[in-house]
Amino acid sequence: MTLPSELSNIFSNKEKSYKMLLILALLYEMQNAGQRVVSLLNVKQRFLVQLQERESNDLNVDQPPGKAGTQWNDMAVSNIQSVIATPIAALSSILIQNNEQQTIGFKKELDEKLSEDVLNDLYNYAQTELENYYNQHFMEGFSLKEALSDILSIYLQAKRETFAGHRLGNLVRQVIPTELKKLSFIHPELKIQGSVGQGNWATIPWIAIMDKRITETTRQGEYLVYLFSEDMKSVYLTFNQGVTIPNETKGRAAAYQYFKQKVQEIRDLLPLEGMIKDDAIYLTSGGLGQDYQVSTVAYYRYDLEHLPDDKQLIADLNNAVTNYNGYVKKVLNPNNEPEPSISFNYTISHLYAGQGILKYLHDHGPDSSPLDELITNQGTILLSGDDVKHPKERVRHLGRALQDLGLLSINENQFSLTDLGQEYGNHFNENKWGLSDTQIKLIRDQLNNAEGQTPLIRSINKAIKICKELGSFTLDKFASMFINALGMLQTWGEVTRKQRSIFMLNWLEILKFVSKSGQQYTYTEWEETPLLDPLTVSERVATIKNFIASKGFMYPDHWIENFFLSLKTKPFVILAGVSGTGKTKLVKLFAEAVGATASNGQFSLIPVRPDWSDPSDLLGYKDLSGVFRPGKLTEVLVEASKPSNQYKPYFICLDEMNLARVEHYFQ
């Protein structure tokens with residue numbers, strides 16, 4: 001962690017969650033506004049929202065002070081002045097509040113040290129400390145150690161008492177599962193269930209944690225489970241297997257062999273660090289308890305007389321869950337095939353944040369621009385203008401996103417537009433901060449481009465798929481599925497997960513994949529309609545000529561005009577001339593100037609071969625089995641004929657047509 005010394009221990013003393021929530025709220029507003037000094041009112045609002053979200057989701061949360069109110073969800077920002085004043089005062093060594101302007105930010109001497117990396121580390125530090133705080137205080141008046149000790153101490157006596165309505169049944173079936181679900185590492189796919197028997201006291205009571213994607217019953221599959229020994233001297237936290245159904249279907253001897261083989265496979269597969277991996281677990285001398293002994297992969301043993309404290313018990317459970325998550329991931333991907341990498345690590349809340357960079361590069365091209373030049377002109381290229389205190393990190397961050405979208409190329413701090421970026425730059429609105437319909441179309445086309453599948457594009461496509469499956473949905477519903485799809489459930493904290501989900505939906509809203517009404521999102525099918533060219537013919541020709549010139553090519557006067565007129569008259573043009581005069585290049589550059597490139601599939605170069613004697617190489621043929629094998633021309637025609645592509649220009653260039661007899665392959 002690269003935190004300056006002033007920040008490294010700011011959460012060492014804490015009685016409430018307020019200091020961490022304040023820092024998270026401040027960082028959130030700084031990212032959202034692109035500024036280092038932000039509205040105090042907005043920070044207060046974000047501070048309150050974090051508390052309200054936990055309360056709404058039935059998560060453990062600090063109770064409001066009596067004078068402020070009884071519930072966070074019933075409170076307004078005006079009610080929390082006394083609440084937030086405490087952490088602001090506690091962090092006065094690093095924060096400065098301007099009461100006159102009603103702003104808050106980091107002190108100037110500290111702000112100079114806050115690069116993007118430091119801010120990310122501070123965010124992770126605050127998030128980690130917040131989760132540790134909630135984990136350590138996850139149950140008011142409840143202790144996991146005391147609950148386990150309670151079961152061990154009185155279970156044998158309870159077995160001589162009436163089964164129905166006994167408090168131990170409620171403790172095992174309701175209280176402990178409910179409280180364990182509040183731990184930050186217990187994700188939504190985990191089902192927690194406890195049992196002391198059905199109608200009669202069980203010999204071995206248990207509390208199981210099952211991933212619903214591989215099993216929802218303790219009768220089969222793999223799961224974590226607290227198992228209490230029959231003599232009630234010990235309780236084991238185990239990585240175990242369901243034994244009932246395998247015993248019934250395989251027979252005990254074959255099932256035992258299966259259990260032992262599976263135990264070894266899982267031990268070889270997972271680190272299981274800190275857990276015991278031997279066969280010395282002892283629950284009972286026979287019956288179901290003995291079956292569990294054989295099927296145990298790894299375990300922690302806790303003796304009644306030496307139960308560890310809650311902190312250690314929770315740390316052990318966290319480690320067991322981490323290993324279990326790793327196993328589930330392997331089960332869901334049985335062939336161990338590498339999944340396409342996807343990521344969404346950007347703190348850009350809206351796509352239009354990068355418009356200034358693209359506009360500047362387009363207006364000052366075609367040569368690349370160094371990072372320092374962009375920083376010098378930050379008032380033009382950054383949405384927040386001169387208020388950005390660390391523009392270098394901001395431009396780099398925006399640049400990486402634009403590069404992943406295929407619009408930019410960055411080489412040793414030199415920024416330049418790609419061919420797609422050049423076309424994108426030809427279609428800015430009068431207000432450069434708003435994406436034009438053509439720019440939206442270009443990005444949407446890029447999302448469908450098989451050759452441009454960067455991790456960012458894969459994550460956007462994953463989000464689009466989720467939205468399409470949900471149809472109409474809330475943020476929470478989308479966030480749960482999106483973060484799970486990214487595999488970031490255990491990596492990102494709760495606030496980060498929600499923030500990145502909001503940002504992704506903002507991107508999709510701008511790209512017209514979703515619409516929002518109140519708190520409800522709806523997936524939409526954007527029907528592209530033919531757009532009238534806003535330029536006159538002479539203006540369009542001039543734009544094409546400028547694009548070609550920007551690529552370093554010059555053609556004689558009126559060549560471009562004649563080619564343009566020929567295509568408008570009949571979109572089948574034959575260019576004749578001596579080899580090397582630039583005929584093929586003219587077609588390629590002209591196509592790129594109007595948005596048809598090889599990367600988006602709208603420009604195809606087909607070299608003519610001397611051995612062509614029929615149209616099969618162009619149109620295709622049937623092989624000996626009767627299967628039609630389409631030629632390159634047919635493939636392009638099929639793609640261009642799709643309804644979604646009917647308004648896009650497609651160019652096919654047959655290179656060196658005279659190498660074969662035209663009347664043979666064009667018959």
Side-chain angles (χ1 to χ4, degrees), residues 17 21-22 24-34 38-39 41-62 64 68-80 83-84 127 130 134 181-182 184 187-189 344 346-353 434-435 440 459-486 488-489 492-526:
S17 60
L21 291 174
L22 172 62
L24 290 171
L26 176 59
L27 293 176
Y28 178 90
E29 289 303 322
M30 287 168 55
Q31 290 178 343
N32 200 43
V38 296
S39 163
L41 178 62
N42 289 346
V43 171
K44 290 179 180 179
Q45 179 67 52
R46 184 64 197 166
F47 180 88
L48 177 59
V49 165
Q50 293 176 93
L51 293 164
Q52 290 174 334
E53 287 176 346
R54 291 194 66 87
E55 186 176 76
S56 297
N57 293 320
D58 294 324
L59 298 174
N60 192 55
V61 64
D62 291 315
T70 58
Q71 289 186 321
W72 295 112
N73 281 296
D74 294 335
M75 296 168 59
V77 175
S78 57
N79 300 121
I80 66 164
V83 177
I84 201 171
Q127 187 63 54
L130 182 64
Y134 284 131
K181 288 176 184 176
K182 296 178 181 179
S184 61
H187 55 82
E189 297 293 347
F344 188 64
Y346 295 102
T347 55
I348 306 170
S349 58
H350 291 89
L351 272 176
Y352 56 66
L435 275 70
I440 291 172
S459 71
I460 296 174
N461 282 328
K462 179 67 73 172
I464 294 169
K465 181 179 179 182
I466 291 170
C467 292
K468 189 172 184 177
E469 290 174 355
L470 292 173
S472 183
F473 54 91
T474 61
L475 169 63
D476 289 340
K477 183 66 175 177
F478 170 80
S480 174
M481 297 178 66
F482 178 57
I483 299 304
N484 186 54
L486 291 181
M488 293 299 175
L489 198 59
W492 289 347
E494 179 187 347
V495 175
T496 304
R497 296 196 295 263
K498 194 152 202 172
Q499 182 189 61
R500 298 291 165 82
S501 299
I502 292 172
F503 289 175
M504 176 55 79
L505 287 174
N506 287 345
W507 287 30
L508 297 189
E509 188 173 6
I510 287 173
L511 294 176
K512 300 189 178 182
F513 286 104
V514 299
S515 60
K516 184 182 180 184
S517 177
Q519 301 302 312
Q520 198 75 13
Y521 292 87
T522 303
Y523 175 78
T524 59
E525 294 282 358
W526 185 43

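- Residue Ser459 holds its OG atom at 9.5 Å from CD1 of Ile464, rounded to the nearest 0.5 Å.
- The aromatic rings of Phe513 and Tyr523 lie parallel to each other, their planes meeting at an angle below 30°, with 60° marking the opposite boundary.
- Of all the heavy atoms in Leu21 and Leu130, the pair that sits closest is CD2-CD2, 3.9 Å.
- Judged as a side chain to side chain donor-acceptor pair (under 3.5 Å), and not counting sequence neighbours, Glu509 has no contacts.
- The ring-ring contact (aromatic ring centres under 6.0 Å, His included) check on Phe503 picks up nothing, with sequence neighbours excluded.
- The heavy-atom pair separating Trp72 from Val83 by the smallest distance is CH2-CG1, 4.0 Å.
- Atom NZ of Lys512 is surrounded by more than 12 heavy atoms from other residues, nucleotides or ligands within 6.0 Å.
- In this structure, Leu508 and Ile460 have side chains that are in contact, with non-hydrogen atoms separated by less than 4.5 Å.
- Looking at every heavy atom in both residues, Thr522 comes nearest to Ser472 through OG1-OG, 3.8 Å.
- The distance from atom CG of Leu22 to atom CG of Leu27, rounded to the nearest 0.5 Å, is 9.0 Å.
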key: Derivation and outcome, side-chain contact (heavy atoms from CB on, under 4.5 Å), residues Leu470 and Tyr521   = CA-CA 10 Å; Leu470 292 173; Tyr521 292 87; over 6 Å; no
From CA spacing to verdict: side-chain contact (heavy atoms from CB on, under 4.5 Å), Val49, Gln45 = CA-CA 6 Å; Val49 165; Gln45 179 67 52; 3.6 Å; yes
Evaluation steps, side-chain contact (heavy atoms from CB on, under 4.5 Å), between Met504 and Phe478 = CA-CA 10 Å; Met504 176 55 79; Phe478 170 80; 4.0 Å; yes
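- Rounding to the nearest 0.5 angstrom, the gap separating the CZ atom in Phe47 from the CG atom in Leu26 is 12.0 Å.
- Looking at heavy atoms from C-beta onward, Lys462 lies out of side-chain contact with Leu486 at the 4.5 angstrom threshold.
- In this structure, CG on Asn506 lies 11.0 Å from CG on Leu511, to the nearest 0.5 angstrom.
- Annotation: the span from Ile502 atom CD1 to His350 atom NE2 amounts to 10.0 Å, rounded to 0.5 Å.
- For residues 41-52, no residue pair satisfies the salt bridge (Lys or Arg N to Asp or Glu O under 4.0 Å) rule, not counting sequence neighbours.
- To the nearest 0.5 Å, the span separating OG on Ser501 from NZ on Lys477 amounts to 13.5 Å.
- Glu469 and Met481 make their closest contact through OE1-CE, 4.0 Å (heavy atoms, listed as atom of the first residue, atom of the second, distance).
- Proximity of a side-chain donor or acceptor of Glu29 to a complementary backbone N or O of Val38 within less than 3.5 Å is not detected.
- The nearest pair of heavy atoms linking Phe473 to Cys467 is CZ-SG, 3.5 Å.
- In terms of heavy-atom proximity, Ile440 sits nearest to Ile510 at CD1-O, 3.4 Å.
- The environment of Gln519 atom CD is sparse: at most 12 non-hydrogen atoms of other residues, nucleotides or ligands sit within 6.0 angstrom.
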